[in-house]
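These notes concern the structure reproduced below.
Letters go in sequence order (proteins before strands), and every chain restarts at 1.
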Amino acid sequence: MEDEKKYNPNEFESKMFDLWEKENVYSTSIQSSGSKREKAFCLSMFPYPSGAGLHVGHVRIYTGTDVLARYFKMIGRDVLHPMGWDAFGLPAENAAIKAKKNPIDMVPGNIANFKRQMNMLGLSYDWKREFSTTDPSYYKWTQWLFIQFFKMGLLYKRNTPIHWCPKCKTGLAEEEVLANGTHERCGSEITKKELPQWIFRITAYAEQLLDDLKLLDWPKGILEMQKNWIGKKEGVNVQFKAEGSNLNVECFTTRIDTLFGVVAVVVAPEHQIAVESAKENADVKTYIDEAQKKSAIDREDNTKKKTGVFTTHYVLHPLTDKKIPVWVGDYVLGSVGTGAVMVVPAHDQRDYDFAKVYGLDVIPVVAPQKGEKQVVNEAYENDGIAINSGKYSDLSSYEARKAITADLEGGNKGKKMISYHLRDWIFSRQRYWGEPIPMVHCEQCAKKGTTVYNKKFTIPDEVQTANKGWIPLTDKQLPLELPYTASYEPTDTGESPLSAIPGFTETTCPVCGGKAQRETDTMPNWAGSCWYFMRFAQEKRGETLPEFMQGLQNSSWMPVDWYLGGAEHAVLHLLYARFWVKALRDLGLVNYAEPFLRLRNVGMVLAEDHRKMSKSWGNTINPDDVVAQYGADTLRMYEMFMAPFNMEIAWSTAALQGGHRFLKRVWALYTSQNHKIEKSNPELVNKLNKTIQKVGDDIAQTKFNTAIAALMEFLNAYEATPELQDSEAKKFIQIIAPFAPFITEKIWRDVFKENTSVHLSTWPTQTEVDIKETSVEVPVQVNGKFRGIVKVPVGAEQEEIVKVALVAEGIQKYLEGKKYRLIYVKGKICNFVLL
RNA sequence: GUCGGGGUGGCGAAAUUGGCAGACGCGCUAUCUUGAGGAGGUAGUGCCCAAAAGGCUUGGAGGUUCAAGUCCUCUCCCCGACACCA
């Protein structure tokens, strides 16, 4: 190099990018099924390309995945590192409505901008695999998959209430409804509206979705959240026979061992008994009417007293025939369990509260310990020993559950039940900007009972009934393209905007050729993200069905090895994608059970003021500005260094300079050396060896912050003793390369005159170095308090250390003339415990 | 309320998993250098005490241990998800 030149990333970053493009540096090597090399499919959750461009939070995820991809490539794995666009969905549609444009016209510009920014950041994507979920060539297959799921009986039509904003006259997504039951945009109170909708039977896979969690290397907390979301509960449906009528009540309980403590049965206001009893009892009628009127706001209020009303009906206790009063209470929900609960005030806090209000008995039937007299002033909800429970007394709660369940089942008075919190997935949206659902409804076929189900599967009767007359399009009719239209705003009937497009609904039946009506609902945003990773992994995408199926079946890239993204997708996206993969496996289209082997969460990037970045706060940071000022490498270094990858961070412009300074020093060191070093300093090589090891280990554990700390530490040492010959000096550049791809490439080519990219180089090995570590330092404690360090020869035995310690300055005075016991842990600690 | 994640210098954090708490970075102080700079070098920097000696220190209180940021019990605070789930 000629004279020292200032580090000026803007001068070369885009040139390096051009070189990479020209030299095809990031094209994916084919992972053929015969490949002996290990694969690494590194994937960031793909973005919705908004008009606002990349957020510094995006930069964090993508850089993390990029570091992994670059590292794995360097250690010799076949790497797949793709990127694409999740462009369907509400935000895009709302933005388009605001801009008075069709989203179809807006998406390409947004994508181009995102892509420009990603390239600016030096992300090593293989753009040959890029696609958008809105490409007809992609959603053709999303539609095809929908049809396969329909044919295996996983989809059915059902009337389902949607959130409805009466003011905006539009259906709303869950996320548009605020916690207080109002619409996030207009603030009006949300009501419900019943519409026929496509429902996915995800509950059919509840057990597998729960079971297979054990196959996954995911953060513990996310696994826990998935488990709780599926919410498996084992219990008993127990029959309470009506006295003098046929109005029996069935209650689900997980605590059948408390059956002898039942003092009442409470049914939900929607329950049949409540409805029946309202006909003859004015109080009940009033109560139910009131309950139905209650808004979301009231129901939110959990400080309110439990309320209820006695129906005047009685049922009989299944084991004792005791008369049990039946109440209606709005704290019981029609949609949970059987819509009725048995009230055991002694062992359920809500029941206890209810009993206190209405003066019901509190009968303790579980004691914490055998023989213990239980004092009840709040519910005792734990297990214990059964008391006051007839022949079951003295059994443990667990034993009592088993015994009572067995006896109930024997007497036909109860049945073991497993219940799940997970509910079926509503898959219809009455919106324009989604994949059209490729189904038609044919009256003639409905009458004839024509079906097109996949013969390999048994289709439940309910599903068959619900789907009467629904016929999927043929493969040749796909894609069913979203019609281009000027008016795609939500309709005021609640139906999809597609229903208002002339000529869209009328069609012919693919089976009988008669008149048929098209489905006008579209798919939710989740649809595209349920299988996009498999699309990336297809070696050949193929336009024909056989090619497509082969592309799925023969991909040796799947499953994803590293999946990085925000914890906000802990439940929904990850659960839905897992569900699709399991269904596809049952269809024989893939041969793995789980899509994402390793999941790592990225923490949010907050603004400098510790609030969320938002235009309205005026605290946003635009990656373009940061790159213009400091270069992309600085931004990348900073975001990787600031904190552990999964922790939330607040932006700090000051700390950003730290990363910049590091790169400047690297630049200065490498561009200023004008003489060759003949022989490397062995101490420094030793340190370099350790750094190579640590950086690699840390990257593989997504501990990017400590990897960079190690790089900084080495730089400090290197600057103090700038004695590395080229073969060693290059190694340091190589291990910085995953983090700062531009500056390292520049130095690699200009200083070391290499003409193949540093990013295609092999991760450096450690050089044998002849260093005799002659002495070791052993920390010395007296009575567990650190008092100093002694230096002893390597391999020194206990006596030797003691000898040195006894005369060492700072230690001696604590030991003089004292008797002691010695704790010595070789290589770790020497502790004198005075007697 | 339930579940999950956290609490370590002025700040972001580290700690080989029970063995020298505070690596690395930011900031700050002193000093040198530069025509200037959101520049660079050197030294220092957890807290208390004028300094040394010494003592204290990982939200708080107990406990186990020769030894606790790390393990156990109780407790306080912050963030996220769900929320009357039977």
In whole Å, what is the span from the [atom1] atom of [X] to the [atom2] atom of [N]?
| X | N | atom1 | atom2 | value |
| --- | --- | --- | --- | --- |
| L422(A) | C85(B) | CG | P | 18 Å |
| Q657(A) | G25(B) | CD | C1' | 12 Å |
| I649(A) | C11(B) | CD1 | P | 18 Å |
| R665(A) | G25(B) | CZ | C1' | 10 Å |
| H573(A) | A81(B) | NE2 | P | 18 Å |
| M647(A) | G5(B) | CE | P | 13 Å |
| E777(A) | U16(B) | CD | P | 19 Å |
| M604(A) | G5(B) | CE | P | 17 Å |

Please compare S419(A) and T653(A) by the position of their nearest nucleotide in RNA chain B and report the one closer to 5'. T653(A)
By nearest heavy atom, map A655(A) and A643(A) onto RNA chain B; which one lands nearer the 5' end? A643(A)
Using Watson-Crick or G-U wobble geometry with both distances under 3.5 Å, which nucleotide pairs with [N]?
| N | answer |
| --- | --- |
| C20(B) | none |
| U64(B) | none |
| A13(B) | none |
| U8(B) | none |
| U45(B) | G27(B) |
| C82(B) | G1(B) |

Please determine if a side-chain N or O atom of [X] lies less than 4.0 Å away from the OP1 or OP2 oxygen of [N].
| X | N | result |
| --- | --- | --- |
| K6(A) | G40(B) | no |
| K828(A) | C66(B) | no |
| N716(A) | G25(B) | yes |
| N705(A) | A14(B) | yes |
| K664(A) | G40(B) | yes |
| R350(A) | G1(B) | no |
| K233(A) | A86(B) | yes |

Matching residue for R600(A) among I61(A), D217(A), N646(A) - test: side-chain contact (heavy atoms from CB on, under 4.5 Å):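 The residue from I61(A), D217(A), N646(A) that satisfies side-chain contact (heavy atoms from CB on, under 4.5 Å) with R600(A) turns out to be D217(A).
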Check each of D698(A), T691(A), D697(A) against V695(A) using the side-chain contact (heavy atoms from CB on, under 4.5 Å) test, and report the only one that passes. T691(A)
Protein heavy-atom contacts under 4.0 Å, written 5' to 3' over nucleotides 53-58 of chain B as B (base), S (sugar-phosphate only) or - (none), form the string SSSS--
Picking from [options], which would you name as closest to the side chain of [X]?
| X | options | answer |
| --- | --- | --- |
| E224(A) | C3(B), G25(B), C79(B) | C3(B) |
| I829(A) | C3(B), G19(B), C66(B) | G19(B) |
| T253(A) | C66(B), A14(B), A86(B) | A86(B) |
| H421(A) | C85(B), G12(B), C24(B) | C85(B) |
| T706(A) | C66(B), G19(B), A14(B) | A14(B) |

Anti versus syn assignment for U42(B), with syn defined as within 90° of 0: anti
Is G44(B) in the syn range, within 90° of 0, or in the anti range?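 It is anti.
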How would you label the contact of [X] with the nucleic acid (heavy atoms, under 4.0 Å): base, sugar-phosphate, or nothing?
| X | answer |
| --- | --- |
| V341(A) | base |
| Q629(A) | base |
| N831(A) | base |
| R661(A) | sugar-phosphate |
| Q781(A) | base |
| K703(A) | sugar-phosphate |
| V343(A) | nothing |
| S652(A) | nothing |
| P644(A) | sugar-phosphate |

Around atom NZ of K232(A), are there more than 12 heavy atoms from other residues, nucleotides or ligands closer than 6.0 Å?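 Above 12, so yes.
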Is the side chain of H347(A) donor-acceptor paired with the backbone N or O of V365(A) at a distance under 3.5 Å, no angle test?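 Indeed, once roles are kept as given, a pair shorter than 3.5 Å links the two residues.
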[atom1]-based separation of [M] from [N] [nearest Å]:
| N | M | atom1 | answer |
| --- | --- | --- | --- |
| A21(B) | U8(B) | C1' | 8 Å |
| G59(B) | C11(B) | P | 13 Å |
| C72(B) | G7(B) | P | 15 Å |

P9(A) vs T634(A) side-chain heavy atoms within contact, under 4.5 Å: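 Answer no - side chains too far apart.
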Whether [X] and [Y] hold their rings parallel, tilted or perpendicular, with breakpoints at 30° and 60°:
| X | Y | result |
| --- | --- | --- |
| H317(A) | F240(A) | perpendicular |
| H573(A) | W526(A) | parallel |
| F739(A) | F704(A) | perpendicular |

Is D383(A) salt-bridged to R255(A), cutoff N-O under 4.0 Å?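 A salt bridge is present here (some side-chain N lies under 4.0 Å from a carboxylate O).
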Any carboxylate oxygen within less than 4.0 angstrom of a Lys/Arg side-chain nitrogen, looking at E719(A) and R665(A)?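 A salt bridge links E719(A) with R665(A).
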W218(A) ring center near Y563(A) ring center (under 6.0 Å): no
